Amino acid sequence: MKEVVKGFRKIVYLSFPPESSGRPVVCNLTRLFDLSFNILKADISPRHEGSLTLEMTGLEEDFHKGIGYLKENGVRITPVAHKIFRNEESCIHCGLCTAMCPTDALTLEPSNRTVIFDVDKCSACGMCTRVCPVKAMTLDLEDDRQ
Ligand code: SF4
Ligand code: SF4
């Protein structure tokens with residue numbers, strides 16, 4: 001029997017072409033697919049290309065249907081994990097970024113004083129890229145056409 005996983009959560013980066021930016025496609029995720037969403041970052045203006053970093057929660061099956069619906073409406077979707085990178089060789093585990101990270105994607109492991117990066121919690125806010133003294137964190141905000 002297929003297991004129904006409730007509470008599926010994913011952070012995605014959406015790019016809207018100008019013709020989609022005025023339509024309520026994101027609001028329809030709740031109405032049509034019973035998904036909850038939390039806007040973590042937005043850069044949208046009418047009649048211009050826009051972007052949203054969205055945390056979506058619901059059933060995994062509904063999440064995939066919602067993603068399909070967004071794509072049908074011209075929205076380009078990139079998992080946040082494809083946007084943010086840590087250079088493991090450069091990181092000196094100074095911990096500065098952990099104080100800035102709003103989602104606890106970067107946390108200090110006290111037992112060995114290393115900084116753990118959990119990309120699944122990252123919202124691609126970019127705060128860590130601004131404080132990292134060795135530029136170990138990089139955020140690629142170029143659109144990936146999918
Ligand atoms: S601020 Fe940079 S060097 Fe320091 S722990 Fe974070 S990623 Fe590593
Ligand atoms: S971009 Fe950096 S500071 Fe922002 S949520 Fe991701 S890891 Fe945390």
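In each ligand, atom 1 is the first atom listed, and ligand 1 is the first ligand listed. When reading the values below, keep in mind they use all heavy atoms of this one structure, side chains included, and skip hydrogens, waters and symmetry mates. In what follows, residues are counted from 1 in the order of the sequence shown. Worth saying up front: this structure is predicted, and the values here are computed from it rather than measured.
- Distances below 4.0 Å separate heavy atoms of I84 from the following atoms of ligand 2: 1 (S).
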- Query: For D34 and L59, what are the C-alpha separation, side-chain angles and deciding distance, and is it a side-chain contact (heavy atoms from CB on, under 4.5 Å)?
  - Reply: CA-CA 8 Å; D34 201 22; L59 293 177; over 6 Å; no
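- Side-chain contact between N87 and T138 is absent, with no heavy atoms from C-beta onward closer than 4.5 Å.
- Side chains of V26 and L14 form a contact here, defined as non-hydrogen atoms less than 4.5 Å apart.
- Using 4.0 Å as the threshold, S90 has no heavy atom nearer than that to any atom of ligand 1.
- Atom 1 (S) of ligand 2 has as its closest protein heavy atom G126 N, 3.2 Å.
- Contacts between A124 and ligand 2 below 4.0 angstrom, taking non-hydrogen atoms only, involve the backbone exclusively.
- Atom 3 (S) of ligand 1 has as its closest protein heavy atom I92 N, 3.4 Å.
- For ligand 1, the atoms lying closer than 4.0 Å to a non-hydrogen atom of H93 are 5 (S), 8 (Fe).
- Remark: among candidates T138, L106, T129, the nearest residue to atom 7 (S) of ligand 2 is L106, based on non-hydrogen atoms.
- Among all non-hydrogen protein atoms, the one lying nearest atom 8 (Fe) of ligand 2 is C101 SG, 2.4 Å.
- Taking backbone and side chain together, C128 holds no N, O or S atom under 2.8 Å from atom 6 (Fe) of ligand 2.
- Proximity of F63 to V12: side-chain heavy atoms (C-beta onward) are separated by under 4.5 Å at one or more points.
- Inter-residue side-chain proximity for I67 and K10 is flagged as unmet; no heavy-atom pair is nearer than 4.5 Å.
- Sparse packing is recorded around CD of E89, with 12 or fewer heavy atoms of other residues, nucleotides or ligands lying under 6.0 Å away.
- Within ligand 2, the atoms closer than 4.0 Å to a non-hydrogen atom of T103 are 5 (S), numbered from 1 in the order shown.
- Judged by distance alone, with hydrogens and angles left aside, the side-chain atoms of T114 form no donor-acceptor pair with the main-chain N or O of E109 at under 3.5 Å.
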- Run the numbers on R9 and E55 for side-chain contact (heavy atoms from CB on, under 4.5 Å), then give the verdict. CA-CA 7 Å; R9 170 184 168 276; E55 180 184 43; 2.5 Å; yes
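- Seen from the ring of F33, K65 does not count as a face-on cation partner, given the 6.0 Å and 45° thresholds.
- In the vicinity of F117, heavy-atom distances shorter than 4.0 Å reach the ligand 2 atoms 7 (S).
- The closest approach between any non-hydrogen atom of V131 and ligand 1 is not below 4.0 Å.
- Under a 4.0 Å criterion applied to the non-hydrogen atoms of P133, ligand 1 contributes the atoms 1 (S).
- For ligand 2, the atoms lying closer than 4.0 Å to a non-hydrogen atom of S123 are 5 (S), 6 (Fe).
- Each of the following atoms of ligand 1 lies closer than 4.0 Å to a heavy atom of G95: 4 (Fe), 5 (S).
- Interface atoms of ligand 1 facing C132, defined by a heavy-atom separation under 4.0 Å, are 1 (S), 2 (Fe), 3 (S), 7 (S).
- For ligand 1, the atoms closer than 4.0 angstrom to any heavy atom of M137 are 7 (S).
- Between the side chain of T107 and the main chain of D104, no donor-acceptor pair closer than 3.5 Å is present.
- Proximity to V134 (heavy-atom distance under 4.0 Å) selects the following atoms of ligand 1: 3 (S).
- Using a 4.5 Å cut-off on side-chain heavy atoms (C-beta onward), L29 and L70 make contact.
- Nearest non-hydrogen protein atom to atom 4 (Fe) of ligand 1 is C94 SG, 2.3 Å.
- Scanning the protein for heavy atoms near atom 6 (Fe) of ligand 2, the closest one is C122 SG, 2.4 Å.
- L54 is listed as a side-chain neighbour of I39, based on a closest heavy-atom distance under 4.5 Å.
- Residue C91 counts as close to atom 8 (Fe) of ligand 1, with an N, O or S atom under 2.8 Å.
- C97 pairs with exactly one of C132, C91, C128, P133 by the side-chain contact (heavy atoms from CB on, under 4.5 Å) rule, that one being C128.
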